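Single-structure report; data block below.
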Amino acid sequence: MFKNSMFKNSNENVTAPVSEGKTYDVTIEDVAQKGDGIARIEGYVIFVPDTAAGEEVTVKITRVLPKYAFATVVE
């Protein structure tokens, strides 16, 4: 019935703007309920443990999922 692209499955053709193993400079914008810092790249959420809101850090992506990723701080 509806063939307009806005009605497609939201997971189709979705790619993360980050890659596992790569490093990125980010600012921790908030802290999640379980205490991990939250950074965003192009709106894509990255959880970073042992960080606080306002910190500017370099992170290495450890796991990429469709809606968010996990990273660690590069020392």
Side-chain angles (χ1 to χ4, degrees):
M1 185 169 162
F2 294 106
K3 294 186 180 184
N4 189 327
S5 64
M6 70 185 256
F7 293 104
K8 285 184 179 178
N9 182 340
S10 63
N11 290 333
E12 285 184 26
N13 301 322
V14 174
T15 57
V18 297
S19 298
E20 194 170 310
K22 292 201 175 185
T23 59
Y24 301 88
D25 294 322
V26 298
T27 299
I28 305 301
E29 299 175 5
D30 205 352
V31 177
Q33 201 169 12
K34 294 185 179 183
D36 291 344
I38 299 173
R40 289 183 177 83
I41 294 178
E42 298 176 22
Y44 182 80
V45 174
I46 302 167
F47 292 103
V48 187
D50 303 319
T51 56
E55 281 187 78
E56 293 180 7
V57 294
T58 300
V59 298
K60 182 175 183 179
I61 304 298
T62 57
R63 185 168 181 207
V64 177
L65 298 170
K67 294 186 178 187
Y68 54 90
F70 296 96
T72 57
V73 175
V74 177
E75 302 281 332

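Values reported hereafter were calculated over all heavy atoms of this structure, with side chains retained and with hydrogens, waters and symmetry mates removed. Numbering starts at 1 and runs along the sequence shown. Every value quoted in this text rests on a predicted model; they were computed, and no experiment measured them.
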Shortest non-hydrogen contact between Ala71 and Pro49, atoms and distance: O-CD, 3.1 Å
Value rounded to 0.5 Å, distance of OG1 in Thr23 from NZ in Lys60: 8.5 Å
Spacing of CG belonging to Leu65 relative to NZ belonging to Lys67, to within rounding of 0.5 Å: 11.5 Å
Partner residues of Thr62 under the side chain to side chain contact (heavy atoms under 4.5 Å, CB included) criterion, sequence neighbours left out: Phe70, Thr72
Cluster companions of Val48 among Ile, Leu, Val, Met, Phe, Trp, Tyr (side-chain spacing under 4.5 Å): Val18, Tyr24, Val26, Ile28, Ile41, Tyr44, Ile46, Val57, Val59, Ile61, Val64, Val73
Minimum-distance pair of heavy atoms, taken over all atoms of Arg63 and Glu20: CA-OE1, 3.8 Å
Euclidean distance, Asp36 CG relative to Asp30 CG, rounded to 0.5 Å: 12.0 Å
